[in-house]
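Take a look at the structure below.
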Amino acid sequence: MTLTDLAPPRVRDSWSALPADQQPPWPDPAAVQRVQAALSAAPALVDVPACDALREQLAAVARGEAFLLQGGDCAEVLDPQAPRRAVSTARLLRRMANVLEDAWTLPVVTVGRLAGQYAKPRSSAVEQRGAQVLPVYRGDAVNGAAFTAAARVADPRRLMEVYRASAATLAAVRRAGVGPVFASHEALLLPYESGLTRFDGVGGVPYDLSGHMVWVGERTRRLDGAHVEFAARIGNPVAVKLGPSVGADEAVALVERLDPQRLPGRVTLIARMGAGRVRDRLPELVERVRASGAGVVWVCDPMHGNTVQGAGGRKTRWVDRIREEVCGFFEVHRALGTHAGGVHLELTGAEVTECVGGRERPVAEGALGVRYESACDPRLNARQAVELVQDIAGLAGSWLPSALPGAG
Ligand code: PEP
Ligand code: CO
């Protein structure tokens, strides 16, 4: 008997009976099942020991002994240059990590939004241009970005392409020897995640071997939903995005669902409140989660609560607002004596013009069109990203728990 046999079939797809938000309208559900079966038979993309190693490093973050730097594209795209771009993103993350490590003498755990970040939750199922209404673009894992009826059909063969592209990306990052960069993405498309889940972990605990860490997004974190159930079942370190509408009871319940055993490093909470709300909304959540006895990692995503319409109707973010949310996040943790555990950023190694601002060579709002390449949300370019971590490095000193007066 193998460990696989020990995992009750109920556990394998316990999520499938529950409501799953944000799933594409696949025209041929049988074809999706075939892709899921093919993924089940394909080599896993990452291995269990690496997932466990990340969980142990995140446990150090939860104890206040390390910092998490997570970042990358909002949405990866299927194109032959993707692995090269991911290597550049991974290099940028390491460069940023070095800035923080030098300033703080604290290890920085780097986790990319890469090798799997191909699916997007959307606020509307359709997109209208003029008189024409088409299904919305849901990321290259699902359909094409072009505004044509043909491109917007959800095509499950894309899931296989995402798998191959992710394997190529992981191989390229390893080959480039940039240093330890783990892979993470939003676990949005359950047939993909489930297809890459393997039941041969220690004690039969399933692991989603599509990436080291996966997260549940702000739009799919309902407690009775399929995404939370899936995340609760796997052995990987998992994260959940928390927007301004989350209640403290809900946050505590999510942690309880995802980590009933209080395994250190198991749960990361990614707060994305917006610069104007982080100081109001975050303290209660942090206090209530702490009171529940859970030792989670708290991370600040200063991107998704600060998206605005810029000139020409393009989505953008102001670097000043991004920095302001990070400052608020650090202030809240300093006031409570808890650890500001990390940041989660959308960024790219390329010199794009998607976010407004910056110190040296700032991007003007009127210049957003010069090099706006994101398939979804606006990313910090390399210069803006490095400047941001320089500012974050400057926030250090009094905030480290070990630097608090009286701490032994
Ligand atoms: C994202 O991380 O790209 C995203 C969609 O975030 P959120 O779930 O926080 O809206
Ligand atoms: Co995004």
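Start at 1 and go down the list; that is how both ligands and their atoms are numbered.
- Not counting sequence neighbours, the partners of Asp301 by the salt bridge (charged side-chain N to carboxylate O under 4.0 Å, His left out) test are Lys241.
- Relative ring orientation between Tyr192 and His185 is described as perpendicular, the plane-to-plane angle rising above 60° on a 0-90° scale split at 30° and 60°.
- Figure legend: cation-pi geometry between Arg198 and Tyr207 absent, as NZ or CZ is not positioned both under 6.0 Å from the six-membered ring centre and within 45° of its axis.
- Defined by atom type and a distance below 3.5 Å, a donor-acceptor pair is missing between the side-chain atoms of Thr220 and Gln22.
- In this structure Tyr163 satisfies the ring pair (Phe, Tyr, Trp, His ring centres under 6.0 Å) test with no other residue, sequence neighbours excluded.
- The Co ion (ligand 2) sits nearest to atom OD2 when only the N, O or S atoms of Asp377 are considered.
- Salt bridge Arg277/Asp280: absent, no basic N to carboxylate O contact under 4.0 Å.
- Residues satisfying the salt bridge (charged side-chain N to carboxylate O under 4.0 Å, His left out) criterion with Arg174, sequence neighbours excluded, are absent altogether.
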Dump all N/O pairs between ligand 1 and the protein below 3.5 Å as a table: atom names plus distance, one pair per row.
residue, atom, partner, partner atom, Å
ligand 1, 2 (O), Arg113, NH1, 2.8
ligand 1, 2 (O), Arg113, NH2, 3.3
ligand 1, 2 (O), Lys241, NZ, 2.8
ligand 1, 2 (O), His304, NE2, 3.4
ligand 1, 3 (O), Arg113, NH2, 2.9
ligand 1, 3 (O), Lys120, NZ, 2.7
ligand 1, 3 (O), His304, NE2, 2.9
ligand 1, 3 (O), Glu346, OE2, 3.1
ligand 1, 6 (O), Lys241, NZ, 2.8
ligand 1, 8 (O), Glu218, N, 2.9
ligand 1, 9 (O), Lys241, NZ, 2.9
ligand 1, 9 (O), Arg272, NE, 2.7
ligand 1, 10 (O), Arg219, NH1, 2.9
ligand 1, 10 (O), Arg272, NH2, 2.9

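- In Glu346, the N, O or S atom that comes nearest to the Co ion (ligand 2) is OE2.
- Here Cys376 does not reach the Co ion (ligand 2): none of its N/O/S atoms is less than 2.8 Å from the metal.
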